[in-house]
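Letters A, B, ... are given to chains in the order of the sequence lines, protein chains preceding strands, and every chain is numbered from 1.
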Protein chains: 4
Amino acid sequence: MPVQKITKEEIITIAAGVFRQKGYHNTSMSDLAEACGLTKGLFYHYFSSKEELMKAVLQGVHFHFKKSLFAPAFGNALSPQEKLEKFLGKAKRLFATVDGGCLMANTALETLGTNVEFTPFIRAFFEDWISAMAHIYEHTYQPEVARKVAEEIVQEFEGAVLFMRIYGETRFIDEMLKRAQLRFVQPH
Amino acid sequence: MPVQKITKEEIITIAAGVFRQKGYHNTSMSDLAEACGLTKGLFYHYFSSKEELMKAVLQGVHFHFKKSLFAPAFGNALSPQEKLEKFLGKAKRLFATVDGGCLMANTALETLGTNVEFTPFIRAFFEDWISAMAHIYEHTYQPEVARKVAEEIVQEFEGAVLFMRIYGETRFIDEMLKRAQLRFVQPH
Amino acid sequence: MPVQKITKEEIITIAAGVFRQKGYHNTSMSDLAEACGLTKGLFYHYFSSKEELMKAVLQGVHFHFKKSLFAPAFGNALSPQEKLEKFLGKAKRLFATVDGGCLMANTALETLGTNVEFTPFIRAFFEDWISAMAHIYEHTYQPEVARKVAEEIVQEFEGAVLFMRIYGETRFIDEMLKRAQLRFVQPH
Amino acid sequence: MPVQKITKEEIITIAAGVFRQKGYHNTSMSDLAEACGLTKGLFYHYFSSKEELMKAVLQGVHFHFKKSLFAPAFGNALSPQEKLEKFLGKAKRLFATVDGGCLMANTALETLGTNVEFTPFIRAFFEDWISAMAHIYEHTYQPEVARKVAEEIVQEFEGAVLFMRIYGETRFIDEMLKRAQLRFVQPH
DNA sequence: TATGAATGAGGCTTCATTCAT
DNA sequence: GATGAATGAAGCCTCATTCAT
């Protein structure tokens with residue numbers, strides 16, 4: 001069996017990083033091929049177009065978040081309080097990277113108006129995120145209210161990521177997480 | 001006096017719209033020229049480069065918001081409550097456009113990692129926005145707290161704009177505005 | 001009588017300097033207009049095209065050299081030896097400018113193959129230069145030999161200017177001038 | 001093995017010819033692509049920019065002259081007299097082309113003032129040329145004198161090429177070569 | 001699988017020149 | 001005379017993609 005230099009998954013991971021930092025339209029296939037150590041020609045053996053690659057990246061990122069962040073929120077191993085703490089801690093680690101922030105939000109703002117083919121992937125991601133948060137907050141709120149709270153918290157999260165990037169300060173994330181925790185124990 | 005097809009200000013206004021909908025890197029000088037009814041060559045009579053144009057656009061948008069949104073927040077003609085209502089109403093009208101949302105946030109997420117020359121303009125805009133909101137909320141909160149509240153509300157606002165665009169529903173804006181009003185009369 | 005901001009002669013002088021330093025094709029009409037403090041539009045009131053301007057420049061430079069360098073070589077006020085010394089001294093002052101060297105030679109090498117319209121002006125200039133030198137050297141040589149010597153000296157002069165520019169050292173001019181003087185008193 | 005329409009070396013050779021005849025700034029990438037039978041886009045597979053191409057051309061020309069003209073001057077197979085004759089004969093064949101003359105001198109006069117990146121290549125070329133000639137003339141002169149003589153002869157050579165091009169007559173080269181030979185047997 | 005040559009369109013920008021005022 | 005808007009072609013370069021090997 002020939003040794004594979006690089007897997008599709010690895011390409012997706014690398015591409016996700018490049019897209020996150022540089023944006024979709026500002027990233028060229030050359031950038032991506034180079035980042036993966038592949039020739040441009042070979043790159044097209046893995047992904048037939050930039051658009052297909054981006055879809056795979058969005059799916060890959062979604063999958064990654066689902067596995068490591070969203071799914072555990074539905075597990076029963078931990079108490080709701082513990083789940084929330086774990087969730088927020090992981091979320092911070094995943095997002096609070098000043099160099100690029102949240103690929104999904106970046107891609108949303110950059111492409112929603114022009115590249116409709118990405119919209120379903122973006123929606124699905126946020127849908128899952130909201131659902132996971134809603135599930136956790138159902139411990140404190142009625143389901144419908146929990147859903148609203150979850151929506152608000154995700155919005156606040158993305159707002160905080162934006163500010164983190166604008167000002168280069170992670171405190172916006174920390175402060176936001178505190179508010180999220182507060183709403184769990186002390187509804188308003 | 002030379003007759004002009006179009007003024008710099010008009011170009012800036014049109015370009016702001018195009019950039020807002022299509023993004024910075026996905027907008028070509030041809031797109032802009034066409035949108036303005038100009039030849040590509042003539043564009044460089046007005047702006048020496050795409051980058052300079054974008055800076056002018058960011059400044060222009062900032063100026064527009066300052067005049068119509070931020071500055072009135074510091075006036076004395078209205079009661080704080082009225083000012084807040086006017087402010088939020090205007091903000092909604094200015095931002096709640098599904099076709100593009102907020103140019104500043106779009107540009108921030110798209111260019112912060114790669115086009116540092118835009119960062120000061122983006123920061124200045126948000127700084128002014130926060131200051132205006134903080135001033136209003138100083139009616140209810142101590143100055144330092146008001147500043148924090150203002151930061152949070154701007155973040156929530158941008159989060160709501162993101163959701164509005166992702167889901168194509170303006171309700172996120174409306175709900176967010178209600179929360180902002182609530183925090184004015186009922187601190188938490 | 002309206003005061004003229006700038007005369008054609010002044011434009012020619014300025015343009016000659018710019019062309020000498022930047023070359024013909026690398027100099028834009030904007031460069032020239034700016035160097036003269038004129039708007040591009042007005043520039044075309046003085047010269048109908050870049051080509052016409054260049055012709056005027058070449059003529060102007062030729063005229064300038066004729067008046068200050070070539071013509072005196074035919075005068076009778078000085079002894080041949082003195083004339084030669086004056087001639088070479090002036091030539092040095094006129095050419096030994098590291099920033100651009102000799103416009104005629106620059107233009108020759110740059111345009112002879114593509115812009116035939118300049119050739120007559122270049123030829124006329126060198127013709128006059130050779131004639132002047134030949135006249136001086138007729139004191140020492142037979143007319144036909146003097147002509148050959150003059151041709152050689154002009155060639156050496158341009159070779160020295162080339163080297164001066166390549167190495168940024170004026171010694172090549174000085175050494176060349178010494179050789180020219182030597183050939184006046186000590187034929188070989 | 002990939003089949004290539006054309007090799008880098010061939011491109012360099014063709015480009016050298018075009019640059020020699022048309023000059024650096026007056027030669028467009030389209031001109032070069034067309035001359036090579038390539039599309040413009042493909043050109044950038046081989047050379048990352050016009051400037052890089054020009055550097056490669058200057059290096060290529062230098063290499064060509066080194067191999068066929070300069071290096072043999074240091075060999076021992078021939079007598080000094082024979083080496084000189086061979087050298088001058090080859091030099092004539094290489095330079096005495098009315099359509100463009102000497103690329104190095106053309107490029108020097110055109111770009112020394114504005115494109116400093118080419119200067120080292122031009123200097124290296126002339127340095128080698130002078131060294132080769134100096135080596136030959138060391139048969140007749142002391143090393144230091146030989147160096148001066150070589151410098152002079154190269155200058156005269158370029159002066160002669162200039163005149164050849166201005167007047168369209170190769171006699172200037174022939175006459176110059178005769179003088180060079182004379183200085184070998186009959187120092188002055 | 002793997003290479004990198006090849007394509008053709010399009011990107012940003014500059015230029016010589018003209019024209020209306 | 002004087003301005004600077006306006007034009008259209010061209011200049012350098014990049015890009016997504018395809019193809020022959």
- Answer with base, sugar-phosphate or nothing: what part of the nucleic acid does D:Thr27 contact at a heavy-atom distance below 4.0 Å? sugar-phosphate

- Does NZ or CZ of C:Lys55 lie under 6.0 Å from the centre of the six-membered ring of C:Phe121, at an angle within 45° of the ring axis? no

- Query: Between C:Tyr24 and B:Tyr24, who's closer to the 5' end of DNA chain E by nearest nucleotide?
  - Reply: B:Tyr24

- Item | Nucleotide of E:dG4, F:dA6, F:dT14 approaching B:His45 most closely (side-chain heavy atoms) | F:dA6

- Message: Looking at C:Glu34, I'd like to know if its CD atom is crowded, meaning that more than 12 non-hydrogen atoms belonging to other residues, nucleotides or ligands lie closer than 6.0 Å.
- Response: no

- Gap between atoms CZ and P, on B:Phe43 and F:dA5 respectively (whole Å): 14 Å

- Taken to the nearest whole Å, CG/D:Asp31 to P/F:dC13 is 14 Å

- Note on the structure: A:Asn26 CG to E:dG11 P, in whole Å, measures 15 Å

- Roughly how far, to the nearest 0.5 Å, is CG of C:Asn26 from CD of D:Glu110? 7.0 Å

- Query: Of all the nucleotides listed (E:dT1, F:dC12, E:dG11), which has the minimum atom distance to the side chain of D:Lys50?
  - Reply: F:dC12

- C:Phe47 has an atom CZ; how far is it from atom P of E:dT17, in whole Å? 13 Å

- Watson-Crick or G-U wobble mate for F:dA20, both contacts under 3.5 Å: E:dT3

- Item | Position toward the 5' end of DNA chain F (nearest nucleotide), A:Lys40 or D:Ser48 | D:Ser48

- Short side-chain N/O contact from D:Thr39 to OP1 or OP2 of E:dT7, under 4.0 Å: yes

- Note on the structure: Atom CG of A:Leu53 and atom P of F:dC15 are separated, to the nearest Å, by 15 Å

- Nearest of E:dT17, F:dT17, F:dA2 to any side-chain atom of C:Leu42? F:dA2

- Item | Nearest-neighbour nucleotide for the A:Tyr46 side chain, F:dA16, E:dA2, F:dA2 considered | E:dA2

- Message: Would you say A:Tyr44 places a side-chain N or O within less than 4.0 Å of OP1 or OP2 belonging to F:dT17?
- Response: yes

- Item | Protein-nucleotide distance (C:Ile6, atom CD1; F:dT3, atom P), rounded to Å | 12 Å

- Report the relative orientation of the aromatic rings in A:Tyr24 and A:Phe118; use parallel for angles under 30°, tilted for 30 to 60°, perpendicular for over 60°. perpendicular

- Query: Does the distance from a Lys or Arg side-chain N to an Asp or Glu carboxylate O, for B:Arg20 and B:Asp99, drop under 4.0 Å?
  - Reply: yes

- At under 4.0 Å, does any side-chain N or O of B:Ser28 touch on OP1 or OP2 of E:dG11? yes

- Item | Protein-nucleotide distance (C:Ile11, atom CD1; F:dG1, atom C1'), rounded to Å | 12 Å

- Note on the structure: Here the distance between atom C1' of F:dC15 and atom NZ of A:Lys22, to the nearest Å, is 12 Å

